[in-house]
Asks: 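Pasting a structure below so you can have a look.
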Amino acid sequence: MFKEPIISAMNIDFNKASFKDFEQIPGMDAYERAAYFDTYLNFLDDRGHLNYRIKTVSGCGPEVMLELKGKTRPRKFISLVSNDYLGFTQHPEVKAAAVAAIGKYGTGTGASPAIGGHFDFHEALEQKIAGFFRRGSAIVYTTGYTANSASLQSLLRRNDLAILDMAVHASVYEGCLQCDTKRFPHNNLQELERILTISRGKYQTRMVIIDGVYSQDGDFAHLPEIVKLCKQYGAYLVVDDAHGTGVIGKTGRGVIEHYDLFQEVDIITGTFSKSFAHIGGYLIAKPEVVRYLKFQARQHLFSVTAAPASACILKSIDLIDEEPQWMRKLWENVEYFKSGLKGLGLNTGNTQSAIIPVKIGDPYKTAQAAKLLMDAGIYTNPIIYPAVSPADARIRMSVMATHTFEHLDQVLNAFEQVSHKLNLKTTAAIV
C-alpha cells in the first residue's frame, strides 16, 4: 500500500545533493524515494539549475530551438550538447538514404535477429563497419550502450576478471556486473600493471577495458603502453572509441588509427549515434567471438533489430572518406574554440578531442554558470557528481563541424561575462 513520503524525516541537503543520493534511502520504499526525488528536482528547477531534459523542437545542429518552462514561444540557442560531431544528421545524402530505406522496407523490422529480423541492410552494416576498422567481422546492436553491456555480460562470467579504467562509460560497468572487477585510476599504467601482476593465474579470462577518447575530459587512452602491458601479462584488450571515431586519426578511424594499432586490439566497440549520425552500436572482433555473441548476447538475441532507417549509416560511413572536409572543419573549430577559452583564463583540462570541458571545481557554481549561459542563449551541460567528483565539476561541451566561428565567438563572449560574474579564473588551476 502506498504511503506518504516521509520527507520530514530526511536530512539530505538539497544544496549539496546529487542524483546518486536518491538511489537508496533507508526507510523509504520505491514510491517514497521517487516522491522525495521529485521534491529535489522541483528544488533545482525553481533555481534554474535543472538544465536536463529540455525540450528541443528543431533538429540536431549547431543551433536548436528549445521550449523552456514558462515561455510561450521556443527560443533559438547555440548548442554545444550534441555529439553529432560531423553534422551528418542533417547531411542531405544521409537523410535521403534513411528515407529511401523506409520506402523500401517500411518503418520497422518486426522481429529479433534470430527469428526473422535479420535483414540485408543489417548484414551490409556489419560488413561495412568491420571493414571501416580494417577487420573482418562485426555484430550490430540497437544502441551503443548495449554493444558494451550485452557483449560484456556474455563474455565475462563468474570466474573472469574485468580490469577497468575508472573513467569508462556506465555501459561497461553494467556489462561487468556478473564477473569480478578491478579498477585502476584513469590512465594510471603503474596501477594497471600492478593489477595485471597480482591477478595472473587466478582467472579464466582477464579483460582490460578502456575508452579511446574519454567522454568527460576528452583525452586519449595511453593505448601503445596498454597494448604492451596486455600482451606481456596475457590479458585481452577492449577499446570503446565512441568519441574518437570520425574525429581522431588521419581518416577518422579513431585513437586506434592515431596509434596504428588496428590489429593489436582484441575487441573494438562503438556507437552509431555520434559521428555516424543515427542510433545503434557495434562490436568488432574475431569471427568466432562475433558469432558467439549473435546467439548468446541476450539484449541482441531477444530485441527487435534496428529499423530500416538505420541503413543511412552506410552512407555516413562512406562520407567520412568521401568528404574529409567535415573533419578538417571540425578541427579548425576545436582549435579556435579551445584557444579562445584558454585566452579567457579558463581551464579546459587536457582534452585532445572535440569534447571541451571548462573545469570549475564547484558544483553550485557550475550549475549557476550553466544557468547564466542559458540566459545568454548558449545551451551547455553542467557535469557534476557522480559523473565526476565534486571538485572536478565542469561545463562539458561538444564542438561540431557545422558550428561557425560566429557561433563560437558568441559562446566565448558569454563565457567572458559568466567568468567575470562568477570569478571562474580563480578555479582555473583545478585539473
Side-chain angles (χ1 to χ4, degrees), residues 55-67 74 76-109 119-129 131-133 140 142-144 242-254 270-282 305-334 336-337 353-354 379 397-408 410:
K55 188 188 297 185
T56 304
V57 295
S58 62
C60 178
E63 295 181 338
V64 294
M65 298 296 293
L66 301 181
E67 194 173 281
K76 182 187 292 184
F77 286 78
I78 296 172
S79 172
L80 292 122
V81 303
S82 171
N83 296 319
D84 179 19
Y85 294 120
L86 302 177
F88 284 176
T89 63
Q90 304 304 320
H91 194 293
E93 292 187 43
V94 176
K95 292 198 284 187
V99 171
I102 291 172
K104 178 178 180 179
Y105 297 98
T107 59
T109 59
F119 285 67
D120 56 353
F121 61 85
H122 295 125
E123 192 155 316
L125 193 49
E126 291 170 353
Q127 293 170 356
K128 179 150 284 195
I129 194 61
F132 182 82
F133 286 103
V140 296
T142 51
T143 70
H243 290 278
T245 304
V247 176
I248 307 298
K250 185 177 180 181
T251 63
R253 267 70 175 173
T271 180
F272 295 124
S273 64
K274 296 178 174 51
S275 293
F276 295 130
H278 193 61
I279 190 170
Y282 54 85
T305 50
S310 64
C312 72
I313 300 166
L314 297 166
K315 175 44 75 176
S316 295
I317 295 173
D318 285 340
L319 285 171
I320 289 180
D321 291 328
E322 292 172 358
E323 299 185 359
Q325 68 268 25
W326 298 110
M327 201 165 80
R328 289 197 299 269
K329 181 61 171 73
L330 172 64
W331 276 99
E332 289 176 9
N333 286 345
V334 168
Y336 182 84
F337 189 49
S353 68
Y379 185 21
M397 294 169 287
S398 295
V399 178
M400 298 171 61
T402 45
H403 281 120
T404 64
F405 283 179
E406 289 76 16
H407 289 141
L408 300 177
Q410 290 181 56

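Any value given below was found using the heavy atoms of this structure, including those in side chains, with hydrogens, waters and symmetry copies removed. This is a predicted model, so every value here is computed, not measured. The residues of the chain are indexed from 1 along the displayed sequence.
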Asks: What are the two closest non-hydrogen atoms of Thr271 and Ala242, and how far apart are they?
Replies: CG2-CB, 3.6 Å

Asks: Asp120: which residues meet the salt bridge (charged side-chain N to carboxylate O under 4.0 Å, His left out) condition with it, sequence neighbours left out?
Replies: none

Asks: For Ser58, what residues pass the side chain to side chain donor-acceptor pair (under 3.5 Å) criterion, not counting sequence neighbours?
Replies: none

Asks: Checking side-chain contact (heavy atoms from CB on, under 4.5 Å) for the pair His243/Tyr85: CA distance, chi angles, key distance, verdict?
Replies: CA-CA 9 Å; His243 290 278; Tyr85 294 120; 2.7 Å; yes

Asks: Pro74: what forms a side chain to side chain contact (heavy atoms under 4.5 Å, CB included) with it, not counting sequence neighbours?
Replies: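 Val57, Met65.
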
Asks: Begin with the C-alpha distance, continue with both residues' side-chain angles, and end with the deciding distance and a verdict on side-chain contact (heavy atoms from CB on, under 4.5 Å) for Thr251 and Ile320.
Replies: CA-CA 7 Å; Thr251 63; Ile320 289 180; 5.8 Å; no

Asks: Please list, chain by chain and in numerical order, all residues satisfying side chain to side chain donor-acceptor pair (under 3.5 Å) with Glu406, sequence neighbours excluded.
Replies: Thr404

Asks: Under the side chain to side chain contact (heavy atoms under 4.5 Å, CB included) rule, collect the residues that match up with Ser353, sequence neighbours excluded.
Replies: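 Once residues adjacent in sequence are excluded, the partners of Ser353 under the side chain to side chain contact (heavy atoms under 4.5 Å, CB included) criterion are Val213, Ile248, Thr351, Ile355.
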
Asks: Evaluate the criterion side-chain contact (heavy atoms from CB on, under 4.5 Å) for residue pair Asp318 and Lys128; output intermediate values, then yes/no.
Replies: CA-CA 9 Å; Asp318 285 340; Lys128 179 150 284 195; 2.8 Å; yes

Asks: Could I get the full list of salt bridge (charged side-chain N to carboxylate O under 4.0 Å, His left out) partners for Glu332, not counting sequence neighbours?
Replies: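 If we apply the salt bridge (charged side-chain N to carboxylate O under 4.0 Å, His left out) test to Glu332, skipping adjacent residues, there are no hits.
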
Asks: Would you please name every residue forming a side chain to side chain contact (heavy atoms under 4.5 Å, CB included) with Ala97, sequence neighbours left out?
Replies: Cys312, Lys315

Asks: A side-chain contact here means heavy atoms from C-beta on lying under 4.5 Å apart; do Ser275 and Val247 qualify?
Replies: yes

Asks: Between Glu126 and Ile129, which heavy-atom pair has the shortest distance, and what is it?
Replies: O-CG2, 3.5 Å

Asks: Mind checking side chain to side chain donor-acceptor pair (under 3.5 Å) for Thr109 and listing every partner two or more places apart, or none if nothing turns up?
Replies: Thr305

Asks: Mind checking side chain to side chain donor-acceptor pair (under 3.5 Å) for His403 and listing every partner two or more places apart, or none if nothing turns up?
Replies: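 Once residues adjacent in sequence are excluded, His403 has no partner under the side chain to side chain donor-acceptor pair (under 3.5 Å) criterion.
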
Asks: Less than 6.0 angstrom from the centroid, inside 45 degrees of the normal: does Arg253 satisfy that with respect to the ring of Phe133?
Replies: no

Asks: Ignoring hydrogens, what is the shortest heavy-atom contact between Cys60 and Ser82? Give both atom names and the distance.
Replies: SG-OG, 3.0 Å

Asks: Begin with the C-alpha distance, continue with both residues' side-chain angles, and end with the deciding distance and a verdict on side-chain contact (heavy atoms from CB on, under 4.5 Å) for Ile317 and Leu125.
Replies: CA-CA 9 Å; Ile317 295 173; Leu125 193 49; 4.2 Å; yes

Asks: Who pairs with Glu323 by salt bridge (charged side-chain N to carboxylate O under 4.0 Å, His left out), at least two apart in sequence or on another chain?
Replies: none

Asks: So, using side chain to side chain contact (heavy atoms under 4.5 Å, CB included) as the criterion, who are the partners of Ser316 when residues are at least two apart?
Replies: Phe88, Val94, Phe276, Ala277

Asks: What is the minimum heavy-atom distance between Pro308 and Gly106, and which atoms define it?
Replies: CG-O, 3.2 Å

Asks: For a quick test of reading the model, state the closest non-hydrogen atom pair linking Ile279 to Ile313 and the distance between them.
Replies: O-CD1, 3.9 Å

Asks: Taking Met400's backbone N and O only, do any of them form a donor-acceptor pair with Asn333's side chain (distance below 3.5 Å, no angle check)?
Replies: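 Such a contact is found between Asn333 side chain and Met400 backbone.
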
Asks: So do the side chains of His91 and Trp326 get within less than 4.5 Å of each other, counting heavy atoms only?
Replies: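 Counting from C-beta outward, His91 and Trp326 do come under 4.5 Å.
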
Asks: Just verifying a value: how many Å separate Phe119 CZ and Tyr105 OH, rounded to the nearest 0.5 Å?
Replies: 8.0 Å

Asks: Please enumerate all residues that pass salt bridge (charged side-chain N to carboxylate O under 4.0 Å, His left out) together with Glu63, with sequence neighbours excluded.
Replies: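 So Glu63 forms a salt bridge (charged side-chain N to carboxylate O under 4.0 Å, His left out) with Lys76.
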
